[in-house]
Amino acid sequence: KTLIVSAIAFAPLYTLRELVMDNGAVVGQTAGTALDMWQKLAFTLVLVASFILLYQRRKFSAAVAGLRFYGRMSLTNYLSQSVIGAFVYFPIGLYLAPRCGYTASLLVGILVFLLQVRFCKWWLGRHKQGPLEYIWHKWTWIGTDKSLPVSASPSASPSASPSASPPASRSRSPLPA
């Protein structure tokens with residue numbers, strides 16, 4: 001239902017936005033911006049609903065199963081893509097921006113993405129989470145028992161009896177009291 005409604009809503013919203021934006025007046029620009037947001041929402045819903053429908057097919061879900069590794073390391077991938085892109089396209093690195101067209105840039109992007117997917121699969125085969133996700137997790141829990149190594153936590157000390165107090169994960173909230 002979402003796919004049908006959003007697909008039907010997309011075309012008129014897009015056409016209306018084009019007509020209003022051409023007006024040039026401040027009111028036209030404001031209305032055009034509002035229509036543009038609704039049109040983009042409708043298109044996003046078309047994409048999401050299409051993906052959900054496709055994901056219900058076994059071949060498609062098997063084909064995109066490797067993306068879960070990529071998603072588990074999203075912060076690492078986002079920042080590494082920015083660094084790689086800066087190195088490839090800016091003067092601090094290879095400076096290919098003036099020489100690469102749209103097609104070559106798309107191919108570079110796909111290549112970087114595929115390399116990242118393989119790296120994520122390799123990394124997560126050896127670690128619980130990505131390197132930047134690990135740092136983010138540690139910084140999130142600074143000042144709590146969760147940021148301490150297992151051997152340094154109070155519940156891991158030999159003098160603490162297991163029956164005397166509940167486990168630290170249940171008795172302590174990550175929020176300050």
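With sequence neighbours left out, His137 forms a side-chain contact (heavy atoms from CB on, under 4.5 Å) with Gln129, Trp141. Legend: residues meeting side chain to side chain donor-acceptor pair (under 3.5 Å) with Lys121, ordered by chain and number and at least two apart, are absent. Applying the ring-ring contact (aromatic ring centres under 6.0 Å, His included) test to Trp136 and every residue at least two apart in sequence or in another chain returns nothing.
In the hydrophobic clustering of this structure, Leu79 does not group with Val112; members are Ile, Leu, Val, Met, Phe, Trp, Tyr whose side-chain heavy atoms approach within less than 4.5 Å, directly or through other members.
Rounded to the nearest 0.5 angstrom, Glu133 CD and Asn77 CG are separated by 7.5 Å. Of the inter-residue distances, the one linking Thr76 atom OG1 with Phe119 atom CZ reads 7.5 Å to the nearest 0.5 angstrom.
For the residue pair Leu13 and Ala42, the shortest heavy atom distance occurs at CD1-CB, 4.3 Å. Between Pro131 and Met73 the shortest heavy-atom distance is CD-CE, 3.9 Å.
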Name the atoms and distances for all side-chain donor-acceptor pairs under 3.5 Å in residues 88-110, with sequence neighbours left out.
| unit_1 | atom_1 | unit_2 | atom_2 | d |
| --- | --- | --- | --- | --- |
| Tyr89 | OH | Ser105 | OG | 3.4 |
| Arg99 | NH2 | Tyr95 | O | 3.0 |
| Ser105 | OG | Gly101 | O | 3.0 |

Which side-chain N or O atoms in residues 44-56 pair as donor and acceptor under 3.5 Å with protein atoms at least two apart or in another chain?
| unit_1 | atom_1 | unit_2 | atom_2 | d |
| --- | --- | --- | --- | --- |
| Thr44 | OG1 | Lys40 | O | 2.8 |
| Ser50 | OG | Val46 | O | 2.7 |

Result block: side-chain N/O donor-acceptor pairs under 3.5 angstrom for residues 60-70, not counting sequence neighbours:
| unit_1 | atom_1 | unit_2 | atom_2 | d |
| --- | --- | --- | --- | --- |
| Ser61 | OG | Arg57 | O | 3.3 |
| Ser61 | OG | Arg58 | O | 3.1 |
| Tyr70 | OH | Gln81 | NE2 | 3.2 |
| Tyr70 | OH | Gln116 | OE1 | 3.1 |

Side-chain donor-acceptor pairs of residues 5-12 under 3.5 Å, sequence neighbours excluded:
| unit_1 | atom_1 | unit_2 | atom_2 | d |
| --- | --- | --- | --- | --- |
| Ser6 | OG | Thr2 | O | 2.6 |
| Ser6 | OG | Leu3 | O | 3.3 |

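Contact check for Tyr134 versus His127: no side-chain heavy atoms found under the 4.5 Å cut-off.
Chaining together hydrophobic side chains whose heavy atoms lie under 4.5 Å apart places Leu115 alongside Leu111. Annotation for Val83: hydrophobic cluster partners, listed by chain and number, are none (ILVMFWY side-chain heavy atoms under 4.5 Å, direct or chained).
Phe43 CZ: 12 or fewer foreign heavy atoms inside a 6.0 Å radius.
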